[in-house]
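Only one structure is covered here, and it is reproduced in the block below.
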Amino acid sequence: MYSDFKFADNRPVYIQVKDYMKRLILKGALQANQKLPSTRELSVLMNVSRNTVLTAYSDLEEEGFIYALKGKGNYVASSSGEVKTPAGEEAGHQLDWSQRINDYARLAEQEDLMKHGIRAEKGSILFTSIAPDEKLFDLNNVKRAFLDRMSIEGEVLLNYGYAKGYKPLIDYLLRYMENKGVDLTGKDLLITDGFTEGFDLVLTGLGKSSGHAICENPTHHTALKNMRLHQFAITGIQMEPDGMNLEQLERELTAQRFDLAYLVPSYHNPTGIVMSPEKRVEAIRLLGRSQVPIIEDGFNEELRYSGSHVAPLIASVGKSNNVIYIGSFSKILFPGLRVGWVLADKVLVSYLESVKRARSIHTSTLDQSLLYQYLHNGNFEKYLKRARAEYKRKYELALHCCNTYIPFARLSGDGGLHLFIEFEPSFQARELLEACTEKGVVFTPGDIFYVNGRGQGSHTMRLGFSRVTDEDIVKGIRIIGETAGAIRQTRG
């Protein structure tokens with residue numbers, strides 16, 4: 001006994017000794033009222049200082065695991081928490097949890113790309129991510145923002161917060177959205193744990209009369225997954241170079257009632273297309289006429305590399321209240337801070353606030369305050385200039401390489417952190433993926449973004465370049481192009 005104790009470099013030694021002794025007691029290796037080694041003996045056995053053992057014993061006594069008898073030593077307390085298995089039941093009670101899971105959990109597991117997505121060998125060139133490059137993170141100013149805010153109201157930030165959000169951040173984001181041209185009359189803002197929670201809250205709060213939702217096709221996989229989890233039947237509208245096909249949209253709205261429309265008008269995921277101003281106006285008119293609420297995903301709006309500024313849909317409706325805007329800085333700032341927001345009609349936000357309170361009480365106040373202070377200190381604009389310049393450079397490099405090496409039929413991507421490639425309809429992107437994976441290059445097959453899954457988009461792929469080095473962008477895209485050419489040549 002005691003010979004299997006191993007140090008971990010990143011924790012105080014006395015805590016490690018205390019936890020080790022606690023495990024021995026809970027497992028029954030040390031029995032109630034059994035005398036423990038003296039502090040001197042245990043320090044020798046475990047090769048630690050006597051003061052370390054003294055501190056560990058003191059904490060164990062305070063927690064009720066041991067007791068001390070003056071002049072006699074330390075003993076294991078009888079109320080140490082040891083649980084004895086009833087006789088004849090050594091195997092314990094076993095439940096078949098696979099039979100206890102509901103349909104929601106089953107569907108969530110089936111749609112979980114982290115479990116069922118692409119697997120790559122270590123060292124592979126990965127074009128699968130569209131997260132920001134952590135090498136660009138502004139760590140010094142993040143640390144400064146944290147210390148600034150903690151020095152002002154640290155005690156408050158470590159306590160419970162409000163479901164609606166941290167008021168200084170709410171006020172900042174309201175001004176931020178107003179600067180985008182949004183008329184805030186009759187609108188309010190709710191802080192969420194990123195886009196995904198915001199979208200889930202909206203889907204939870206909206207009434208379901210027809211059970212049908214409409215969206216661009218292809219579209220954001222996470223949005224598709226959540227609409228399916230909420231049991232919406234989804235209709236997809238084909239994408240064109242300047243946005244969704246409005247003729248198809250009008251036909252679908254005439255033929256069927258919809259409870260909601262989900263749109264990504266800027267740097268659309270996965271196609272990267274920016275919907276034209278003309279199509280924005282007409283889409284708003286058609287959906288408004290049919291009384292369909294629009295959920296706008298403000299995805300990557302800040303990553304514009306060329307062309308004129310395009311305002312979000314919610315800025316185009318004036319005082320109208322039919323657009324629900326969901327925003328986040330996850331793709332341009334720090335996705336580790338799970339902070340997003342919903343901007344919508346005050347009545348709706350009031351209900352969503354109650355749903356949020358019932359589910360998670362509130363988003364981390366510490367995260368919200370850190371983000372607020374970072375923004376308040378004026379760091380965002382400086383960081384954005386630097387990040388936009390770097391991502392534009394990578395975007396242009398990736399675009400050049402695709403045009404040079406890949407025999408595509410169509411390529412789209414007006415900005416953001418990815419490009420979308422379409423081959424001829426008979427081409428199978430998953431066959432290309434399998435061949436490229438063997439060569440150490442991985443990308444995202446486009447069929448996962450389509451409403452009908454593998455029934456559509458089998459000839460498409462998304463290429464995320466934000467976290468890939470220049471050298472690997474060139475090498476990886478060349479391998480993809482050469483492999484695609486070889487497959488086409490083999491098939492005649």
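Note that these values count all heavy atoms, side chains included, but never hydrogens, waters or copies made by symmetry.
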(request) May I ask you to say whether Asp470 pairs ionically with Lys394, meaning some side-chain N is under 4.0 Å from a carboxylate O? (result) no
(message) Please report the interatomic distance OG1(Thr204) to CZ(Phe199), rounded to the nearest 0.5 Å.
(response) 10.5 Å
(request) Determine whether more than 12 heavy atoms belonging to other residues, nucleotides or ligands lie under 6.0 Å from atom CD of Glu434. (result) no
(message) To the nearest 0.5 Å, what is the distance between CG on Leu333 and CG on Leu375?
(response) 6.5 Å
(request) Evaluate the ring planes of Phe299 and His220, with Trp represented by its six-membered ring, and classify them as parallel (under 30°), tilted (30 to 60°) or perpendicular (over 60°). (result) tilted
(message) For Ser266 and Arg280, which I'm curious about, is there any donor-acceptor pair between the side chains at under 3.5 Å?
(response) yes
(message) Using 0.5 Å steps for rounding, measure from the CG atom of Leu399 to the CD atom of Glu396.
(response) 8.0 Å
(request) Kindly check if the number of other-residue, nucleotide or ligand heavy atoms within 6.0 Å of CZ (Arg100) is above 12? (result) no
(message) Would you say that Tyr267 contacts Leu417 through its side chain, given a criterion of any heavy-atom pair below 4.5 Å between the two side chains?
(response) no
(message) Measuring from atom CG of Leu229 to atom CG of Leu224, what distance do you get when rounded to the nearest 0.5 angstrom?
(response) 11.0 Å
(request) Kindly indicate whether the side chain of Ile326, heavy atoms from C-beta on, has any atom under 4.5 Å from the side chain of Ile295. (result) yes
(message) For Ala131, is there any backbone N or O sitting under 3.5 Å from a side-chain donor or acceptor partner on Ser466?
(response) yes
(request) Might you confirm whether atom CD of Gln231 has over 12 heavy atoms from other residues, nucleotides or ligands at distances under 6.0 Å? (result) no
(request) Determine whether the side chains of Asp193 and Thr363 contain a donor N or O and an acceptor N or O closer than 3.5 Å. (result) yes
(request) Look at Glu197 together with Lys356 and state whether they make a salt bridge at an N to O cut-off of under 4.0 Å. (result) yes
(message) Taking CD in Glu121 as the centre, count heavy atoms belonging to other residues, nucleotides or ligands within less than 6.0 Å. Is the count above 12?
(response) no
(message) Going by the rule side chain to side chain donor-acceptor pair (under 3.5 Å), which residues pair with Arg228 if we only count those two or more places apart in sequence or in a different chain?
(response) Glu111
(request) Flag yes if more than 12 heavy atoms outside Glu247 fall under 6.0 Å of its CD atom; otherwise flag no. (result) no
(message) Looking at Asp242 and Lys279, is any side-chain nitrogen of the basic one under 4.0 Å from a carboxylate oxygen of the acidic one?
(response) yes
(message) Which label fits Phe465 and Tyr395: parallel for a plane angle under 30°, tilted from 30 to 60°, or perpendicular past 60°?
(response) tilted
(message) I'd like to know if Glu390 and Arg393 make a salt bridge, using a cut-off of under 4.0 Å between side-chain N and carboxylate O.
(response) yes
(message) Are the side chains of Arg149 and Leu370 in contact, using a 4.5 Å heavy-atom criterion?
(response) no
(request) Output yes when Glu471 and Lys475 qualify as a salt bridge under the 4.0 Å nitrogen-oxygen rule, no when they do not. (result) no
(request) Dump the intermediate steps for salt bridge (Lys or Arg N to Asp or Glu O under 4.0 Å) on Arg430 and Asp447, then the final yes or no. (result) CA-CA 9 Å; Arg430 284 190 178 267; Asp447 54 18; 2.8 Å; yes
(request) Answer yes or no: is there a donor N or O on one side and an acceptor on the other, between the side chain of Gln248 and the main chain of Gly236, under 3.5 Å? (result) yes
(request) State plainly whether the residues Arg285 and Glu282 are in salt-bridge range, i.e. N to O under 4.0 Å. (result) yes
(message) Any heavy-atom pair between the side chains of Val441 and Phe127 that's under 4.5 Å?
(response) yes
(message) For the backbone of Phe408 and the side chain of Glu422, can you confirm whether one donor and one acceptor N or O come within less than 3.5 Å of each other?
(response) no
(message) A quick test of your reading: do over 12 heavy atoms of other residues, nucleotides or ligands sit less than 6.0 Å from NZ of Lys382?
(response) no
(message) Less than 4.5 Å apart, side chain to side chain, heavy atoms only: is that true for Ile294 and Val323?
(response) yes
(request) Determine whether Ser330 and Phe195 make a side-chain contact, defined as any pair of heavy atoms from C-beta on separated by less than 4.5 Å. (result) no
(message) Using side-chain heavy atoms (C-beta onward) and a distance below 4.5 Å, is Phe449 in contact with Arg462?
(response) yes
(message) With rounding to the nearest 0.5 angstrom, report the CG to OG distance, Asp472 to Ser124.
(response) 10.0 Å
(request) Would you please name every residue forming a salt bridge (Lys or Arg N to Asp or Glu O under 4.0 Å) with Arg359, sequence neighbours left out? (result) Asp200
(message) Name the residue from Phe380, Tyr383, Phe334, Tyr374 that meets the ring pair (Phe, Tyr, Trp, His ring centres under 6.0 Å) definition with Phe329.
(response) Phe380
(message) Working to the nearest 0.5 angstrom, can you tell me the gap between Ser290 OG and Glu250 CD?
(response) 8.5 Å
(request) Verify side-chain contact (heavy atoms from CB on, under 4.5 Å) between Phe232 and Leu260, making sure each step is shown before the conclusion. (result) CA-CA 10 Å; Phe232 281 99; Leu260 64 92; 3.7 Å; yes
(message) Looking at His376 and Tyr172, would you say the former's side chain and the latter's main chain have a donor-acceptor pair under 3.5 Å?
(response) no
(request) Mark yes or no for whether Glu296, through its side chain, and Ile314, through its backbone, hold a donor-acceptor pair below 3.5 Å. (result) yes
(message) Quick check: do Leu411 and Leu419 have side-chain heavy atoms less than 4.5 Å from each other?
(response) yes
